[in-house]
Amino acid sequence: MAAVLRKLIQGRLPALAGVLCRRSGNEGHLFLNSSGSTLMQPRCGYSSPTESVIVEMDKATGVALLKLNIPPVNSLSLPLLTELAIVLDKLEMDKHCRGLILTSAVPNIFSAGLNLFDMMDKPNEHYSEFWRAVQEIWIKLYGSSLANIAAINGSSPAGGCLLALCSDYRIMANNPHFTIGLNETRLGIVAPFWFKDTLLNTVGKRTTEISLNLGALYSPTEALSLHLVDRLVPETQLLSAATEEMGRWLQVPDHARQITKSMIRKSTLEGLLNQREADIKNFVEFISRDSIQKSLQFYAQSLQKQKQHIHPPSSSCRQQISSVTFARSPWYSLIQRS
Ligand SMILES: CCCCCC/C=C/CC(=O)SCCNC(=O)CCNC(=O)[C@H](O)C(C)(C)COP(=O)(O)OP(=O)(O)OC[C@H]1O[C@@H](n2cnc3c(N)ncnc32)[C@H](O)[C@@H]1OP(=O)(O)O
């Protein structure tokens with residue numbers, strides 16, 4: 001089977017080289033890098049030096065519980081992305097690991113998305129390095145051979161929503177204060193094509209069109225109705241529900257599930273793998289524009305101002321927002337004040 005998978009990746013799925021191919025045996029695990037050459041990796045533990053990524057491995061089931069742990073909001077900074085990439089590689093290489101549950105150790109927040117400060121007032125080299133790290137995480141998670149379930153235990157805007165969208169199955173805590181969605185346009189920025197494609201593959205064209213253009217953030221109930229998440233459970237049952245769901249995914253033989261997953265996600269992954277450098281160049285050019293920098297600065301400041309001066313919208317005010325929830329948007333709050 002290892003030979004079949006290798007052939008598949010080297011031959012029929014060349015662009016997936018670089019996404020991990022796993023093989024059983026005593027010698028460790030096989031990693032096919034982007035040039036198709038093989039590197040032997042030793043088996044190792046999952047320590048994250050700063051504890052910003054906590055991994056609890058259940059050796060009996062082969063399921064790793066991965067918790068993002070960067071208070072206050074699990075924003076995806078360059079160091080966090082780098083640590084996460086290392087941990088994901090290690091899990092992928094571990095022949096005992098079959099499944100990954102992604103969640104947060106920070107109460108009420110799954111992830112606030114990309115760290116705004118990595119996209120502000122930095123040299124182009126930094127933007128370039130940061131964006132490569134963002135791409136890397138998406139490639140590793142969306143192209144992972146592991147069964148991957150997101151246990152969304154808090155708000156999940158923008159890049160946080162993207163992390164969840166990379167999973168095979170999403171379970172969200174049914175708390176009406178939580179929101180999820182790709183809200184980039186609300187910040188005056190544009191979700192890149194591979195964010196868009198990941199959403200499109202999950203919820204379809206019409207919902208993608210509405211969600212992305214409006215930068216909509218949805219409540220858990222709305223997200224369920226749009227198939228942005230697959231199931232809602234009470235917060236206290238989230239991890240047990242994710243573990244139970246994982247059992248269903250692990251009943252399927254790994255090779256059959258992995259090949260099926262590759263088949264479905266291959267063209268989307270290739271979309272980025274075939275033009276990574278151009279995508280980085282595009283990001284750097286876009287994010288370094290004065291107008292975009294001003295927009296981001298205004299947004300970051302309004303997040304802080306919101307905390308200092310602005311109370312959350314009242315419930316009657318929230319109802320007026322209809323099915324598109326902007327309740328957590330500082331822009332919305334500012335409009336309400338003026
Ligand atoms: C071709 C070009 C393509 C460009 C594409 C670029 C793509 C970008 C994708 C992204 O992910 S952009 C980031 C979008 N994220 C957001 O809009 C989320 C903003 N945050 C929130 O809405 C809220 O903070 C929250 C997550 C709902 C949590 O609310 P809560 O009330 O619990 O906490 P706050 O008081 O608001 O925040 C605490 C603290 O954290 C700071 N912070 C929040 N989000 C971020 C972030 N994304 N990056 C960095 N820092 C963040 C916030 O400013 C507060 O800081 P303080 O110093 O304690 O005041």
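Just so you know, ligand 1 is whichever comes first in the structure, and atom 1 is the first atom listed for that ligand. Excluded from the calculations below are hydrogen atoms, water molecules and symmetry mates; all remaining heavy atoms, backbone and side chain alike, are included.
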Discussion item. I want to know if ligand 1 touches Trp131 in the polar sense, i.e. an N/O pair below 3.5 angstrom.
Written reply: no
Worksheet item: Any idea which part of Ala112 is under 4.0 Å from ligand 1, heavy-atom wise: side chain, backbone, both or neither?
Response: both
Item to complete: Any ring-ring contact (aromatic ring centres under 6.0 Å, His included) involving residues 263-289? Give me the pairs, sequence neighbours left out, ordered by first then second residue.
Response: Trp131-Phe283
Worksheet entry | Residue Phe117 vicinity, atoms of ligand 1 by number, heavy atom under 4.0 Å | 49 (C), 50 (N)
Worksheet item: Would you say Met119 touches ligand 1, if touching means a heavy atom closer than 4.0 Å?
Response: yes
Worksheet item: Which bit of Val190 gets closer than 4.0 Å to ligand 1, counting heavy atoms only: side chain, backbone, both or neither?
Response: backbone
Worksheet item: Any N or O of Ile109 that comes nearer than 3.5 Å to an N or O of ligand 1?
Response: no
Item to complete: Report yes or no: is the cationic atom of Arg265 (NZ for Lys, CZ for Arg) closer than 6.0 Å to the six-membered ring centre of Tyr142, at no more than 45° off its axis?
Response: yes
Item to complete: Would you mind telling me if ligand 1 is within reach of the side chain of Leu114, the backbone, both or neither, using heavy atoms under 4.0 Å?
Response: both
Worksheet item: Purely on distance, is any nitrogen or oxygen of Gly160 under 3.5 Å from one on ligand 1?
Response: no
Discussion item. Would Ser155 count as a polar contact of ligand 1, with the cut-off being nitrogen or oxygen pairs under 3.5 Å?
Written reply: no
Worksheet entry | Numbered atoms of ligand 1 (with element) below 4.0 Å of Ile189, judged on heavy atoms | 6 (C), 7 (C), 8 (C)
